[in-house]
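Residues take their numbers from the sequence shown, with the count starting at 1.
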Amino acid sequence: MLMLWRNIKADFIKLKRTSIIYIHILIPIIGAPLFLLYYSVSSWGTDTKLAAYYQTMAIIFPLLIGIITGIIAEQEEQAGGFQNMFIIFKRKATSYCSKLLVLLLLSIFSIIIAIFTFASVFKNYTLEFYTRLGVALFLGNIFLYILHLFISFRFGKGASIGLGIAGVLIAALMETGLGDGIWHITPWAWGIRFCDFLMLIELNQLSLYDIFPIIRKGILILIISIFIGLALSIFWFNRWEGRKSYD
């Protein structure tokens with residue numbers, strides 16, 4: 001655990017030389033006020049305004065994850081063909097888990113900024129409800145970070161960004177009626193759909209008792225996917241020797 005903590009601190013130091021920190025801070029700081037400015041003159045209803053905000057966040061996240069994990073992999077490749085990740089610690093899994101945890105911590109930080117900057121002005125809902133929305137967005141994205149980190153290391157930044165663009169389109173489609181029957185097996189739909197269900201509960205259109213049978217399958221698949229994805233990615237990383245020029 002001490003070794004992992006040291007690696008996390010080292011990874012945060014590395015990020016000072018990249019745009020990743022600024023992406024996590026500036027996008028929510030700029031994005032939330034822009035929405036609030038538009039909403040100040042918009043005739044949309046209160047519920048529609050909030051729904052549009054969190055839906056936009058959930059739809060954009062796959063692309064941001066693709067870009068951010070791609071930058072992480074590119075940085076390690078340029079620093080020595082990934083070899084620094086392999087030689088600093090005896091166990092490769094420590095280096096991999098450190099990268100993943102750093103990304104997840106930055107994601108939490110970014111979501112907190114985005115949600116509570118919006119909530120500080122748009123006070124139509126309780127702080128508890130905004131917190132639940134933030135948790136739903138974060139949980140819905142964990143598997144995407146695992147997936148994109150693997151794609152970025154194995155295939156490169158371009159592949160990760162390409163998958164992120166596809167993820168944006170899939171997330172948008174999953175918000176429509178096309179996603180009603182398959183959202184629970186579609187990782188790009190988890191964040192936006194869980195937020196939708198929280199919104200329905202908040203508006204008293206459905207109770208948790210009514211909606212739990214609908215979301216139970218999605219929650220179960222999400223949890224299983226995270227554990228399997230993490231286990232497989234660590235297994236792969238422990239045997240990976242770095243991307244060759246012909247990969």
Using 30° and 60° as the class limits, which term best fits the ring planes of [X] and [Y]: parallel, tilted or perpendicular?
| X | Y | value |
| --- | --- | --- |
| Tyr39 | Phe118 | perpendicular |
| Tyr96 | Phe237 | tilted |
| Phe150 | Phe155 | perpendicular |

Student check: side-chain heavy atoms of [X] and [Y] closer than 4.5 Å:
| X | Y | result |
| --- | --- | --- |
| Phe194 | Ile219 | yes |
| Cys97 | Ile234 | yes |
| Phe143 | Leu222 | no |
| Ser225 | Trp190 | yes |
| Asp196 | Glu175 | yes |
| Arg193 | Ile215 | no |
| Ile151 | Thr69 | no |
| Tyr145 | Phe61 | yes |

(request) Supply the atom-to-atom distance Ser110 OG to Leu105 CG, rounded to the nearest 0.5 angstrom. (result)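 That separation rounds to 12.5 Å.
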If you measure from CD1 on Ile226 to CD1 on Ile146, what distance do you get to the nearest 0.5 Å?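 Nearest 0.5 Å value for the CD1-CD1 distance: 6.0 Å.
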- Work out which heavy atom in Leu137 is nearest to a heavy atom in Cys195; give both atom names and the distance.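 Nearest heavy atoms, Leu137 then Cys195: CG-SG, 3.7 Å.
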Determine whether a donor-acceptor pair (N or O, by modelled atom type, separation under 3.5 Å) exists between the side chain of [X] and the backbone of [Y].
| X | Y | result |
| --- | --- | --- |
| Tyr53 | Leu36 | no |
| Thr56 | Ala52 | yes |
| Thr131 | Leu127 | yes |

Taking it one step at a time, do Ile182 and Ile185 satisfy side chain to side chain contact (heavy atoms under 4.5 Å, CB included)? CA-CA 6 Å; Ile182 60 173; Ile185 59 172; 4.3 Å; yes
So the salt bridge (Lys or Arg N to Asp or Glu O under 4.0 Å) pairs with at least one residue in residues 123-149 (sequence neighbours excluded) are Glu128-Arg132, Arg132-Glu202
Query raised in the report: Hey, mind stepping through Leu50 and Tyr125 against side chain to side chain contact (heavy atoms under 4.5 Å, CB included) and telling me if it holds?
Result: CA-CA 9 Å; Leu50 177 60; Tyr125 302 89; 3.5 Å; yes
